[in-house]
K.L.:
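Below is a structure I'd like to ask you about.
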Amino acid sequence: KPDWPKLLLLSLFGITINIIFFFLGLEKAPSINAAIIASSGPIILIAASVLLLHEHPSRKMIFGAMISLLGVLIIIGRPLLENGFDFSSVEGNVFFLLATVAAVGHTICFKQMDEKYSVLVLTFWSFIIGSLSFFPFFAHELYTSGIPSLDIRGWTGLAFGIILSSTLAYMLWAWSLKRIPASETGLFSYIDPVIATVIAIPLLGEVITPLFVIGTFFVFAGIFYSEGRIHYHPIHKLRAFR
């Protein structure tokens, strides 16, 4: 019972606020803006982990985060140079920023509870509380728009979202947070634009450009530099929990 307020904040930050503002941002701003703003997440996370969790990230980790950030900016900078920046999407950019801050809040709240509860317990209650918080919005949209008609693409998207990008992704994220400092987990989010581009190649016909190769190099170089102990992490951790 004493941890219910923390659990409520964990659910609201990680599920309700993050998801709502991310999709509101997608309605009002180009999706490329989301990648730009979300790239500030690890920097915010490092600062929050110092202030709230009293972690002490090294200069090496901070410098590695900056290297990876440079790689992300290189990858997403090419479309910006080609299409320009839409200054009319300020409202959407604010929503993206709120979603990023909420994701950081979710990580901080989890780190304050991970020693007392298992990953399954925290993930389960996060989704229960998050679902309840979405219900009023769902009821309103159902009342105003009616029941949506979905084809195979819609049902496939729902299955992907429920099983992979929600349940499995949140559980793996929580599992990692129990084993490494919060300030380190943010570094791995820099891999997102790399993976997104690789997936987009077969689905959207995009091609790998020299800028993408250079940016990818900086992303992984920053992670490797900040970690600096591939022989220990994560193989050592996996051996300990087999």
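All values derive from a computational prediction rather than experimental measurement.
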K.L.:
Show every donor-acceptor pair shorter than 3.5 Å between a side-chain atom in residues 144-151 and any protein atom, with sequence neighbours excluded, or say none if there are none.
P.N.:
residue: Thr144; atom: OG1; partner: His140; partner atom: O; Å: 3.0
residue: Thr144; atom: OG1; partner: Glu141; partner atom: O; Å: 3.3
residue: Asp151; atom: OD1; partner: Arg153; partner atom: N; Å: 3.1
residue: Asp151; atom: OD1; partner: Gly154; partner atom: N; Å: 3.1
residue: Asp151; atom: OD2; partner: Arg153; partner atom: NE; Å: 3.1
residue: Asp151; atom: OD2; partner: Arg153; partner atom: NH2; Å: 2.8

K.L.:
Output all residues satisfying side chain to side chain contact (heavy atoms under 4.5 Å, CB included) with Ala103, sequence neighbours left out; order by chain, then residue number.
P.N.:
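Testing Ala103 for side chain to side chain contact (heavy atoms under 4.5 Å, CB included), a comparison that skips the adjacent residues, returns Asn18.
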K.L.:
Would you please classify the geometry between the Tyr170 ring and the His106 ring as parallel, tilted or perpendicular, with 30° and 60° separating the classes?
P.N.:
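Correct class here is perpendicular.
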K.L.:
Taking C-beta and beyond as the side chain, do Thr107 and Trp173 meet within less than 4.5 Å on heavy atoms?
P.N.:
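With C-beta onward as the side chain, the pair touches.
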K.L.:
Using atom types as modelled, flag every donor-acceptor pair under 3.5 Å from a side chain in residues 5-14 to any protein atom, sequence neighbours excluded.
P.N.:
residue: Ser11; atom: OG; partner: Leu7; partner atom: O; Å: 2.9

K.L.:
Answer yes if Leu164 and Leu158 sit in the same cluster of Ile, Leu, Val, Met, Phe, Trp and Tyr residues linked by side chain heavy atoms under 4.5 Å apart, and no otherwise.
P.N.:
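Leu164 and Leu158: separate clusters.
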K.L.:
When rounded to the nearest 0.5 angstrom, what distance separates CZ in Phe21 from OG1 in Thr16?
P.N.:
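Atom-to-atom, Phe21:CZ and Thr16:OG1 are 10.5 Å apart.
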K.L.:
Just jot down the side chain to side chain contact (heavy atoms under 4.5 Å, CB included) partners of Phe134, sequence neighbours excluded, or say none.
P.N.:
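In terms of side chain to side chain contact (heavy atoms under 4.5 Å, CB included), with neighbours along the sequence ignored, Phe134 is linked to Ile15, Ile19, Ile20.
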K.L.:
Hey, could you give me the CG/CZ distance between Leu168 and Phe160, rounded to the nearest 0.5 Å?
P.N.:
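The CG atom of Leu168 sits 9.5 Å away from the CZ atom of Phe160.
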K.L.:
When hydrophobic residues are tied together by side-chain contacts of less than 4.5 Å, even through go-betweens, does Ile152 share a cluster with Ile163?
P.N.:
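Ile152 and Ile163: separate clusters.
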K.L.:
For residues 116-132, tabulate all N or O donor-acceptor pairs below 3.5 Å that involve a side-chain atom, not counting sequence neighbours.
P.N.:
residue: Lys116; atom: NZ; partner: Asp3; partner atom: OD2; Å: 2.6
residue: Tyr117; atom: OH; partner: Asp3; partner atom: OD2; Å: 2.5
residue: Ser118; atom: OG; partner: Val121; partner atom: N; Å: 3.3
residue: Thr123; atom: OG1; partner: Val119; partner atom: O; Å: 2.8
residue: Ser126; atom: OG; partner: Leu122; partner atom: O; Å: 2.7
residue: Ser131; atom: OG; partner: Phe127; partner atom: O; Å: 2.7

K.L.:
Listed by chain and number, what are the side chain to side chain contact (heavy atoms under 4.5 Å, CB included) partners of Tyr143, not counting sequence neighbours?
P.N.:
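Applying side chain to side chain contact (heavy atoms under 4.5 Å, CB included) to Tyr143 gives none.
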K.L.:
Taking all non-hydrogen atoms of both residues, which atom of Gly161 and which atom of Ser166 are closest, and how far apart?
P.N.:
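The pair with the smallest heavy-atom distance is O-OG, 2.6 Å.
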K.L.:
Please tell me if the side chains of Phe22 and Phe96 come closer than 4.5 Å, counting only heavy atoms from C-beta onward.
P.N.:
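Answer yes - side chains close enough.
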